[in-house]
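One structure is given here, and the rest of the page talks about it.
In this text, all values refer to a predicted model and were calculated from it rather than measured experimentally. Below, read A as the first sequence line, B as the second, and so on, with proteins coming before strands; counting in each chain starts at 1. Just so it is clear, the values below take in all heavy atoms, side chains as well, and ignore hydrogens, waters and symmetry mates.
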There are 2 protein chains.
Amino acid sequence: MVQDSSERLFSQSVEDYVKSIYLLQQDSGSVTTSELAKKMKTSPAASTKMIKHLTENRLTEHTRYHGVRLSPAGEKIALEIIRHHRLIELYLHQALGYEWDEVDAEAEKLEHHISEEFEARIDKMLDYPLTDPHGDPIPTRELEIAPRRGAPLDNSEPGDTLIILRVRDSNPEALRYLKHLEMRLGTILKIIEKQPFNGPITLKIGEKTHSIGRELAGHVFVERYVREVVD
Amino acid sequence: MVQDSSERLFSQSVEDYVKSIYLLQQDSGSVTTSELAKKMKTSPAASTKMIKHLTENRLTEHTRYHGVRLSPAGEKIALEIIRHHRLIELYLHQALGYEWDEVDAEAEKLEHHISEEFEARIDKMLDYPLTDPHGDPIPTRELEIAPRRGAPLDNSEPGDTLIILRVRDSNPEALRYLKHLEMRLGTILKIIEKQPFNGPITLKIGEKTHSIGRELAGHVFVERYVREVVD
DNA sequence: AATATAATTTAACCATGGTTAAATTATACC
DNA sequence: GGTATAATTTAACCATGGTTAAATTATATT
């Protein structure tokens, strides 16, 4: 049964579900059973069961047949895991030379198994960083978290000059492709054309132009670029 | 149920049992049910059950009411985990400044959750090391492992000049105490006196003398020191 | 060689986190 | 407002890895 380490109060499964609920409810307020099941790659029945279990443990609030949402206690656990995840991602990138498409999978496994000691040491070594390699905010030690920055690239219009602040971390293939197009955090680009019927978006990056599909563009989060970025 | 990652064929429990069998059988050839239960901090019944399971999976050979021993396949898995464990220990020590009494507990948790990629990267970063912070040999990538070096300090006799090659890694308190006495890997010491009836051993380290009990001395592995160590 | 004791195994049970199939509830449409 | 469809929940089941108590086997002693 692999007993929980002394520092851990809940099982890895509970941690994973709570984290997933946090990430899903960021976009939608509350989370449905089937959204959660899809994210966890299990059946809706398993999702229901876990929601029941989480609610009994006061990590979530649930009204039957409607969504689930994290309680303050649940949010705390989610933020702890997300802090682990994003610190580990950045550590792998900075200290071990991982590419940005490789860090998520490794962090996914390690996030449940590091000690507070390890967390503190890599946090210090990275000089208390605020964002991970995909531009997602890292919760502080006090579990305060900055809002996610940027709006989806496919919401912007031709003529806009934009800076990339964040990318969705979930899809390694997409990340590799973006890197290949030299679309990284901080990259400045201009929208040349947006074809109708959800057609491709044409961009200018430096001297080059590329076309990317709407779906990929939805993974890239940008804001208007003004010469001196306000801090 | 936390599905196994793509790189892992067996559960964390199986890995832990197999590793424990490896470590126990180093000293004793084969391992009894209750030795294994004690090491795993479970009941003998649980130990029996797992032995049955391991044997069905051809990781061990078992004759009922007698000991269990690893098959070649089991040994391979044990060495993979031990390689992970010892590389991680050394990495924590060298790259993150962990003390030698802190590395075991952290490595215990991480050893099951790193990828081949991670293993390869820290191995390279550490320049393909051969021993961990306690002087235990690290299996190579091909899973070849050097014999453990040194004989227990309490086997040596007054007058012997010795060098510390290895310490038992299991007991953080003992490790802290040894460090406090400046007994580290490579430390040279001379046995002044060995009191009868399993009494303390008096040592000279540099200009200082200390007395340590037999039990602690059993955790320290040494060899005769000759000016130029043969390589 | 018989027997007391210790070690091992088996049996019956539990919790966790999955599954599929059936029942229930919500919702969208006419 | 009733009904088809979709979503959710429940029920019955499974595997893993634990537990304690009882049965079995090994061993040590006389």
Should A:His62 be listed as having a side-chain N or O under 4.0 Å from OP1 or OP2 of D:dT9? yes
Checking side chain to side chain donor-acceptor pair (under 3.5 Å) against A:His112, which of A:Glu15, A:Arg8, A:His84 comes through? A:Glu15
With heavy atoms under 4.0 Å as the rule, sort A:Ser11 into base, sugar-phosphate or nothing. sugar-phosphate
So does A:Arg214 pair up with A:Asp154, basic N to acidic O under 4.0 Å? no
Show the distances under 3.5 angstrom between N or O atoms of the protein and N or O atoms of nucleotides 1-4 of chain D.
none

Show the numbers, then the answer: is there a salt bridge (charged side-chain N to carboxylate O under 4.0 Å, His left out) between A:Lys19 and A:Glu111? CA-CA 11 Å; A:Lys19 174 186 157 194; A:Glu111 64 192 14; 2.9 Å; yes
To the nearest Å, give me how far apart CD1 (A:Ile51) and P (C:dT16) are. 17 Å
Charged N to carboxylate O under 4.0 angstrom, A:Glu35 versus A:Lys39? no
Contacts to DNA chain C from residues 17-43 of chain B, heavy-atom cutoff under 4.0 Å, which residues? B:Thr32, B:Thr33, B:Ser34
Want to settle it: does B:His66 or A:His53 sit nearer the 5' end of DNA chain C, counting the closest nucleotide to each? B:His66
B:Arg121 charged N/C atom sitting above A:Tyr98 aromatic ring, 6.0 Å / 45°: yes
Side-chain heavy-atom pair A:His53, A:Val14 within 4.5 angstrom cut-off: yes
Is it true that B:Asp27 and B:Arg148 have a side-chain N and a carboxylate O under 4.0 angstrom from each other? yes
If I take atom CD in residue A:Glu15 and atom C1' in nucleotide C:dT16, what distance separates them, rounded to the nearest angstrom? 15 Å
Shorter than 3.5 Å, N or O on both sides, protein versus nucleotides 10-14 of chain C: list them out with atom names.
| from | atom 1 | to | atom 2 | distance (Å) |
| --- | --- | --- | --- | --- |
| C:dT10 | OP1 | B:Arg64 | NH2 | 3.0 |

Rounded to whole Å, the CG-P distance (B:Asp16 to D:dT16) equals 17 Å
Pairing nucleotide - D:dA22, Watson-Crick or G-U, each distance under 3.5 Å: C:dT9
B:His134 pairs by side chain to side chain donor-acceptor pair (under 3.5 Å) with which of B:Arg168, B:Glu89, B:Arg166, B:Arg86? B:Glu89
May I ask you to evaluate whether B:Ser13 reaches the phosphate of D:dG18, defined as a side-chain N or O under 4.0 Å from OP1 or OP2? yes
